[in-house]
S.K.: 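Okay, handing you the structure first.
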Number of protein chains: 2
Amino acid sequence: MPAPSPASAGTTPRRRAGRPTAAVLDQTVITKAAVDLINRKGYEALTMAALAKQLQVAPSALYNHVASKDDVMLLIEDHVADLVDVSAFETEPWDAAVRRWAWSYRDVFSQHTPLIPIIAVMPVANAPKTLAMYEAVTAGFRRAGFPQEQIISAVVALEAFIFGAAFDVNAPEDIYDAGSLAERTPNLNAAVDSLAAQGHKRPTDVAFSLGLEALISGFGALLAGKG
Amino acid sequence: MPAPSPASAGTTPRRRAGRPTAAVLDQTVITKAAVDLINRKGYEALTMAALAKQLQVAPSALYNHVASKDDVMLLIEDHVADLVDVSAFETEPWDAAVRRWAWSYRDVFSQHTPLIPIIAVMPVANAPKTLAMYEAVTAGFRRAGFPQEQIISAVVALEAFIFGAAFDVNAPEDIYDAGSLAERTPNLNAAVDSLAAQGHKRPTDVAFSLGLEALISGFGALLAGKG
DNA sequence: ACCATTAAATGAATGTCATTCATTTATCTC
DNA sequence: GAGATAAATGAATGACATTCATTTAATGGT
């Protein structure tokens, strides 16, 4: 039998199969590696293979800790939910708190739009940080005197607006240029041009502000002691 | 050499490669087949192979008429945009028209949520029916006396809300059940319960109505001749 | 009428994924 | 210590979308 392949200097010996001395993986490190990967290279780069590579592990090893890639997405979502700023609900009046929360929520998820189709539909149980966010928001609404039966509806409506707006952030500025069919859309063109003529802030931010303020003042009318 | 395989009765002879007598494919038939497939089996079933099979054609043949699957998605989007009801902008007051359009838009796209991440970000040029929708809406806003520079922002905000709400329609009713972590979310639980106690209409419709009415009355304040 | 070009199909790769499975081996438990 | 369990490996699998060389019929120019 020839000499066993020598542990040549400078080469880290490849791990053999079998139970390692200490576990390398768990949901926490997988989540961190995934978020890191996304921050550095975007969601297109998030593959199970790339994630495994980042963790210096075989792709199949991940499946000892998560059931599927969608499962990884849920872990990411819960991590990201923690980045949303709900602190204003404890320190500021209702309208200012909603404003801070909504802008923060939109900004965070504009960097994570691939999560939206998943979380918009996925039950929130087992996502502790996401639940913590909802709890903080709901508590803020209650303290402000919002009618109990309308809190969820109002939050769902705000969230719908926020999710839609998060996609918007990633749209190109010329998304409403009619191009070669412009002859048929005079009213649209005129509206687009007159918005561009204003042209200070990002159009997407102007639209978000406009919608958010309308929602805040509409819902504000439901507060106790305002009518 | 054995006899060449006879054209056995009942077997349609397989098409040979080469230019056919009359072209089978174009973007119109591809779009129709795709929409048909989606309506019958959902978006998961929309693969290039399945689409080709539906058209009795090899998958590679599709690529003579579309550049990619995303291209097919855009064709579907433009087809679907035509289903949105904008007629009220020509016959009814502004607020009623927005209401009809928004509900219709949400209902249509709740059946086509996989399109949303694509269209929310994709320039609208070369999508004639989508452009026609925007033109009708924009014209309605202008006729109602909406300030020119705010029309796009208002429409974008409404659309964001509509897209977010479209996802919502497909969520399970118990999406806000905290499950095993319920001890930590008393306010959320109370709000969920008190909404459920009302329990007439679909919660998702209640939330949509609440948000939409807030947006309509908020934007209505911008109309000329309203004070 | 002929011939070169082009359009529209085929089917056989390719490459990228997520996911599964038999196997290996260190650690934990009784 | 023996047996069970946990956590890794690497080699399939099976969906996919997409590309490419090839085939063949229609078309257009001379």
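The sequence lines fix the lettering, A, B, ..., with proteins before strands; numbering per chain opens at 1.
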S.K.: Could you check whether any side-chain N or O of B:Asp78 sits under 3.5 Å from a backbone N or O of B:Thr130, counting only pairs where one atom can act as donor and the other as acceptor?
M.R.: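 Between the backbone of B:Thr130 and the side chain of B:Asp78 there is a qualifying donor-acceptor contact (under 3.5 Å).
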
S.K.: Going by the side chain to side chain contact (heavy atoms under 4.5 Å, CB included) test, name the single residue among A:Val137, A:Leu158, A:Leu83, A:Val84 that passes it with A:Tyr105.
M.R.: A:Val84

S.K.: Between B:Phe89 and B:Phe141, how do the two ring planes meet: parallel, tilted or perpendicular, split at 30° and 60°?
M.R.: tilted

S.K.: If you look at every heavy atom in B:Leu25 and B:His65, which pair is closest and at what distance?
M.R.: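 Closest pair (atom of B:Leu25, atom of B:His65, distance): O-CE1, 3.2 Å.
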
S.K.: Heavy atoms from C-beta onward define the side chain here; which of C:dA8, D:dT18, D:dA8 lies closest to that of B:His65?
M.R.: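 Output: C:dA8.
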
S.K.: A:Glu77 and A:Leu115: which non-hydrogen atoms are nearest, and at how many Å?
M.R.: CA-CD1, 3.9 Å

S.K.: Mark yes or no for whether B:Thr31, through its side chain, and B:Gln27, through its backbone, hold a donor-acceptor pair below 3.5 Å.
M.R.: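 Present.
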
S.K.: Given atom CG of A:Leu62 and atom P of C:dC17, what is their separation to the nearest angstrom?
M.R.: 15 Å

S.K.: Take atom CG of A:Leu25 and atom C1' of C:dA26, then tell me their distance rounded to the nearest Å.
M.R.: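 The distance from CG of A:Leu25 to C1' of C:dA26 comes to 16 Å, rounded to the nearest Å.
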
S.K.: With a 3.5 Å cut-off and heavy atoms only, can you find an N or O donor on one side and an acceptor on the other between the side chain of B:Asn64 and the base of C:dA7?
M.R.: no

S.K.: Without decimals, in angstroms, what is the distance between B:Tyr43 OH and D:dC16 P?
M.R.: 17 Å

S.K.: What's the NZ-C1' distance between A:Lys53 and C:dT16, to the nearest Å?
M.R.: 14 Å

S.K.: May I have the distance from B:Met48 (atom CE) to C:dT16 (atom P), rounded to whole angstrom?
M.R.: 19 Å

S.K.: Specify the residue among B:Val24 and A:Ser68 whose closest nucleotide of DNA chain C lies further upstream toward the 5′ end.
M.R.: B:Val24

S.K.: When you get a sec, tell me which of D:dT18, D:dA8, C:dT20 is the closest nucleotide to the side chain of A:Tyr63?
M.R.: C:dT20

S.K.: Measure all distances between protein nitrogen or oxygen atoms and nitrogen or oxygen atoms of nucleotides 22-25 of chain D, and list the pairs falling under 3.5 Å.
M.R.:
from, atom 1, to, atom 2, distance (Å)
D:dT23, O2, B:Gly18, N, 3.0
D:dT24, O2, B:Arg19, N, 2.5
D:dA25, O4', B:Arg19, O, 2.7

S.K.: How long is the line joining CD of A:Glu44 and C1' of D:dA17, in whole Å?
M.R.: 16 Å

S.K.: Check the distance between D:dA15's P and B:Leu46's CG and give it to me in whole angstrom.
M.R.: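 Nearest whole value for this atom pair: 17 Å.
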
S.K.: Any base atoms under 4.0 Å from A:Ala23, or only sugar-phosphate, or nothing? Heavy atoms, all strands.
M.R.: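 Touches sugar-phosphate only.
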
S.K.: Tell me the interatomic distance from A:Asp71, atom CG, to C:dT19, atom C1', rounded to whole angstroms.
M.R.: 13 Å

S.K.: Are B:Phe163 and A:Phe167 close enough that their ring centers fall under 6.0 Å?
M.R.: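 No; A:Phe167 has its ring centre 6.0 Å or more from that of B:Phe163.
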
S.K.: At 4.0 Å (heavy atoms only), tell me whether A:Thr47 reaches a base, stays on the sugar-phosphate, or touches nothing.
M.R.: sugar-phosphate

